[in-house]
Amino acid sequence: MDWLWTWGGEFFGYRDDQELWTAEGRHVGRFSGEDIYGANGSYLGEIMNDNRLIRNKAKASWRQGAFSPFARRTAYARYANYTGYNVYSGFEDFAGSGTFK
């Protein structure tokens with residue numbers, strides 16, 4: 001299990017094998033390499049710097065096969081937020097975990 005934060009420094013949740021989970025226990029994405037796709041197959045973002053989530057605007061139209069999210073898991077206590085990084089040109093911060101309801 002790898003803990004993850006958004007590029008802006010907000011604690012998001014974790015990666016468990018090829019699945020992305022929020023700290024609240026919602027299965028919101030599936031990894032394809034370092035890229036992350038939502039249940040409907042749309043590109044959500046990717047991992048940079050080992051544990052930070054970011055979104056590449058050029059990949060916004062990328063798609064993979066859809067999947068059915070797993071049942072909700074037990075929530076984890078939230079880790080502290082970190083200082084955010086400056087966003088690279090052509091990128092934007094990954095959506096916070098509260099976006100995935």
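Computed over heavy atoms, backbone and side chain alike; hydrogens, waters and symmetry mates excluded.
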> Output the rest of the hydrophobic cluster of F91: all Ile, Leu, Val, Met, Phe, Trp and Tyr residues reachable through side-chain heavy-atom contacts under 4.5 Å, sorted by chain and number.
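So far as hydrophobic clustering goes, F91 is joined with W7, M48, I54, Y85, V87, Y88.
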> Could you state whether W21 and F11 fall into the same hydrophobic cluster, counting links through intermediate Ile, Leu, Val, Met, Phe, Trp or Tyr residues with side-chain heavy atoms under 4.5 angstrom apart?
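Yes; tracing contacts between hydrophobic side chains, which count when under 4.5 Å, links both residues.
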> Given the rule that I, L, V, M, F, W and Y join up when any side-chain heavy atoms are under 4.5 Å apart, are W62 and L53 in one cluster?
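As far as the 4.5 Å side-chain criterion goes, L53 and W62 are not connected within one cluster.
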> Test side chain to side chain contact (heavy atoms under 4.5 Å, CB included) on R73 and H27 and set out the steps.
CA-CA 8 Å; R73 291 182 172 179; H27 178 216; over 6 Å; no
> Name all pairs fulfilling the salt bridge (charged side-chain N to carboxylate O under 4.0 Å, His left out) condition that reach into residues 47-57, sequence neighbours left out, sorted by first residue then second.
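Every pair satisfying salt bridge (charged side-chain N to carboxylate O under 4.0 Å, His left out) with a residue in residues 47-57: R55-E92.
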> Quick check for you: to the nearest 0.5 Å, what is the distance between I36 atom CD1 and E19 atom CD?
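Result: 11.0 Å between the selected atoms.
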> Indicate the atoms forming the closest heavy-atom contact of A23 with R78, along with that distance.
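For A23 and R78, the tightest heavy-atom pair comes out as CB-NH1, 3.7 Å.
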> Rounded to the nearest 0.5 Å, what separates atom CZ in R72 from atom CZ in R26?
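CZ of R26 is found 5.0 Å from CZ of R72.
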> Are any of the side-chain heavy atoms of E46 and Y43 separated by less than 4.5 Å?
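Yes. Closest side-chain heavy atoms under 4.5 Å.
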> Only one of W3, Y14, W5 passes side chain to side chain contact (heavy atoms under 4.5 Å, CB included) with N51; say which it is.
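Going through W3, Y14, W5 one by one, the side chain to side chain contact (heavy atoms under 4.5 Å, CB included) with N51 is satisfied by W5 alone.
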> Could you tell me whether the side chain of L4 reaches within less than 4.5 Å of the side chain of L20, counting heavy atoms only?
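Yes, close enough: below the 4.5 Å cut-off.
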> Which residues pass the salt bridge (Lys or Arg N to Asp or Glu O under 4.0 Å) test with D93, sequence neighbours left out?
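Applying salt bridge (Lys or Arg N to Asp or Glu O under 4.0 Å) to D93 gives none.
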> Just wondering, do Q64 and D35 contact through their side chains at under 4.5 Å, heavy atoms?
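They are not in side-chain contact.
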> Would you check if V28 and F12 make a side-chain contact, meaning some heavy-atom pair closer than 4.5 Å?
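Yes. Closest side-chain heavy atoms under 4.5 Å.
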> Closest heavy-atom contact between A66 and N40?
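Answer, listing the atom of A66 first, then N40: CB-C, 4.0 Å.
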> Restricting to non-hydrogen atoms, name the atom on G33 and the atom on R15 that form the minimum distance, rounded to 0.1 Å.
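So the minimum-distance heavy-atom pair works out to O-NH2, 3.7 Å.
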